[in-house]
Participant: 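Quick one: the structure is below, questions incoming.
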Amino acid sequence: MPELPEVEVTRLSFADHIAGARILAVEVGKPLRWPLGCEPKSLVGRTVLTVTRRGKYLLLNLDRGLLLLHLGMSGSLQFSDRLPPRGVHDHFELETSCGRLRLRDPRRFGAVVHAETLEAPVARKLLGGLGVEPLEARFEPLRFHQALRGRRASIKQVLLAGDAVVGVGNIYASEALFMAGIRPTQRADRLSKPRVARLHGAIVTVLRRAVALGGSTLRDFSSAEGQSGYFQLDAMVYGREGLPCRVCATPIKSIRQGQRSTFYCPQCQKA
DNA sequence: AGATGTCCCTGGAAGC
DNA sequence: TGCTTCCAGGGACATC
């Protein structure tokens with residue numbers, strides 16, 4: 001279940017290696033979430049210039065057009081010049097002059113989508129509504145507070161919606177709210193500026209820490225099945241229902257918000 | 001326009 | 001042991 005840190009670490013694991021590579025062949029397995037949007041063969045001969053990221057999307061910027069990759073919740077990428085034969089869960093593969101890029105995604109929530117430019121309708125549809133990048137300078141407490149104005153939904157759900165800030169998934173949302181001492185059910189527009197500032201700091205800290213952890217295990221990461229979990233993230237609340245809070249020992253609570261599980265400490269996150 | 005619910009998919013865990 | 005059921009998740013889409 002890759003969130004922003006996992007996607008970023010994935011990007012770092014192969015971006016430099018694939019830059020400048022020529023696409024020699026394209027292989028597709030079962031359909032993913034959305035159609036590729038072009039004839040696979042039409043990608044042959046193009047060159048991968050750079051790999052960038054927007055939210056949880058990876059962008060393979062080609063000399064003509066681009067590929068938008070999303071890992072869904074069970075997707076992982078491998079890039080190597082020697083990969084074993086494709087398995088049943090390997091649904092997209094680029095053979096390039098520098099190695100093979102393979103997307104494995106058992107649950108097929110992921111996607112590979114071709115767009116001619118960032119302004120193409122399909123790219124605008126997927127990327128257009130995304131909020132600010134949390135690890136860039138434009139993510140800033142006051143602006144974050146403004147983005148929450150008029151949002152009557154719970155802060156947890158607004159975080160997940162991805163239009164105020166991108167990349168915070170279900171796990172890191174719970175973790176960041178715990179770090180900020182904010183109850184996940186609190187209405188987003190009821191949070192004071194200082195509390196939004198705390199949340200802002202918590203989001204940045206949680207995501208940066210996860211990227212650093214992932215970066216430190218990069219060697220394992222690129223060769224593994226991608227199932228190494230959240231970089232052995234030491235969760236403070238996520239998945240710890242009933243277990244004692246690591247700060248105050250109060251049992252962690254689990255609730256559901258918008259069909260998603262949320263974890264929090266009723267003592268450390270009072271409002 | 002914002003909020004909420006539904007759906008896609010399948011491996012693994014839990015229940016019988 | 002072998003079946004069925006439930007759950008996890010991101011995000012587009014439909015509906016209110």
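What you are looking at is a predicted structure, and each value in this text was computed from that prediction instead of being measured.
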Participant: Find the distance A:Lys30:NZ to B:dC9:C1' and express it as a whole number of Å.
Facilitator: 10 Å
Participant: Could you please name the option among B:dG11, C:dG10, B:dC9 that lies closest to any side-chain atom of A:Pro106?
Facilitator: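 Nearest to the side chain of A:Pro106 among the choices is B:dG11.
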Participant: Counting heavy atoms from C-beta on, name the nucleotide in B:dT6, B:dT10, C:dG11 closest to the side chain of A:Gln259.
Facilitator: B:dT6
Participant: C:dC7 P sits how many Å from A:Asn170 CG, rounded?
Facilitator: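 In whole Å, C:dC7 P lies 15 Å from A:Asn170 CG.
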Participant: Could you go through residues 119-138 of chain A and list every donor-acceptor pair under 3.5 Å that involves a side-chain atom there, pairing it with any protein atom two or more places apart or in another chain?
Facilitator:
| residue | atom | partner | partner atom | Å |
| --- | --- | --- | --- | --- |
| A:Glu133 | OE1 | A:Arg53 | NH1 | 3.0 |
| A:Glu133 | OE1 | A:Arg53 | NH2 | 3.4 |
| A:Glu133 | OE2 | A:Arg54 | NH1 | 2.9 |
| A:Glu133 | OE2 | A:Gly55 | N | 2.6 |

Participant: Could you list by number each residue of residues 139-161 of chain A showing a heavy-atom separation from DNA chain C of less than 4.0 Å, or answer none if no residue does?
Facilitator: none
Participant: Under 4.0 Å, heavy atoms only, any strand: does A:Gly169 hit a base, just the sugar-phosphate, or nothing?
Facilitator: sugar-phosphate
Participant: Could you check how far CZ of A:Arg260 sits from C1' of B:dC7, rounded to whole Å?
Facilitator: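 From A:Arg260 CZ to B:dC7 C1': 11 Å.
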Participant: Expressed in angstrom and rounded to an integer, what is the separation of A:Leu32 atom CG from B:dC9 atom P?
Facilitator: 11 Å
Participant: Strictly by side chain to side chain donor-acceptor pair (under 3.5 Å), give each pair with a member in residues 31-43 of chain A just once, sequence neighbours left out.
Facilitator: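 Qualifying pairs, neighbours excluded: none.
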Participant: Report yes if a side-chain nitrogen or oxygen of A:Tyr172 is closer than 4.0 Å to either non-bridging phosphate oxygen (OP1 or OP2) of C:dG10; otherwise report no.
Facilitator: no
Participant: Hey, does the side chain of A:Arg256 come within less than 4.0 Å of C:dA8's phosphate (OP1/OP2), counting only N and O?
Facilitator: yes
Participant: Find the distance A:Arg33:CZ to C:dG11:P and express it as a whole number of Å.
Facilitator: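 Whole-Å distance recorded here is 8 Å.
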Participant: For A:His70, what residues pass the ring-ring contact (aromatic ring centres under 6.0 Å, His included) criterion, not counting sequence neighbours?
Facilitator: A:Tyr57
Participant: With a cut-off of less than 4.0 Å, is there a side-chain N or O of A:His70 near OP1 or OP2 of C:dG10?
Facilitator: no
Participant: For a side-chain contact (heavy atoms from CB on, under 4.5 Å) check, start with the C-alpha distance between A:Val44 and A:Leu24, then their side-chain angles and the critical distance, and finish with the verdict.
Facilitator: CA-CA 5 Å; A:Val44 172; A:Leu24 305 175; 5.8 Å; no
Participant: Go through the structure and list residues passing ring-ring contact (aromatic ring centres under 6.0 Å, His included) with A:Phe263, not counting sequence neighbours.
Facilitator: A:Tyr238
Participant: May I have the step-by-step check of salt bridge (charged side-chain N to carboxylate O under 4.0 Å, His left out) for A:Arg104 and A:Asp90, ending in yes or no?
Facilitator: CA-CA 4 Å; A:Arg104 169 166 300 176; A:Asp90 299 329; 2.6 Å; yes
Participant: Where the side chain of A:Phe109 is defined as all heavy atoms beyond and including C-beta, which of C:dG11, B:dC9, B:dG5 is the nearest nucleotide?
Facilitator: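 Nucleotide nearest to A:Phe109's side chain: B:dC9.
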Participant: How many whole angstroms separate atom CZ of A:Arg124 from atom C1' of C:dA12?
Facilitator: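 Taking atom C1' of C:dA12 as the reference, CZ of A:Arg124 is at 18 Å.
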Participant: What is the distance from CG of A:Asp105 to C1' of B:dT10, rounded to the nearest Å?
Facilitator: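 The answer, rounded to whole Å, is 10 Å.
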Participant: Check the phosphate of C:dG11 against A:Lys125, side-chain N and O only, distance under 4.0 Å to OP1 or OP2. Yes or no?
Facilitator: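 Checking C:dG11 against A:Lys125, no side-chain N or O comes under 4.0 Å of OP1 or OP2.
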Participant: Taking CZ from A:Arg107 and P from C:dG11, how many angstroms apart are they, rounded to a whole number?
Facilitator: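 So the CZ-P distance, A:Arg107 to C:dG11, works out to 16 Å.
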Participant: From the list B:dC8, B:dT10, C:dG11, which nucleotide is the closest neighbour of the side chain of A:Lys56?
Facilitator: C:dG11
Participant: A:Phe144: which residues meet the ring-ring contact (aromatic ring centres under 6.0 Å, His included) condition with it, sequence neighbours left out?
Facilitator: A:Phe139
Participant: If you look at every strand shown and take non-hydrogen atoms under 4.0 Å, does A:Arg108 touch a base, only sugar-phosphate, or nothing?
Facilitator: sugar-phosphate
Participant: For residues A:Ser76 and A:Asp105, is any side-chain donor paired with an opposing acceptor at under 3.5 Å?
Facilitator: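 The criterion, which ignores hydrogens and geometry beyond distance, is not satisfied for A:Asp105 and A:Ser76.
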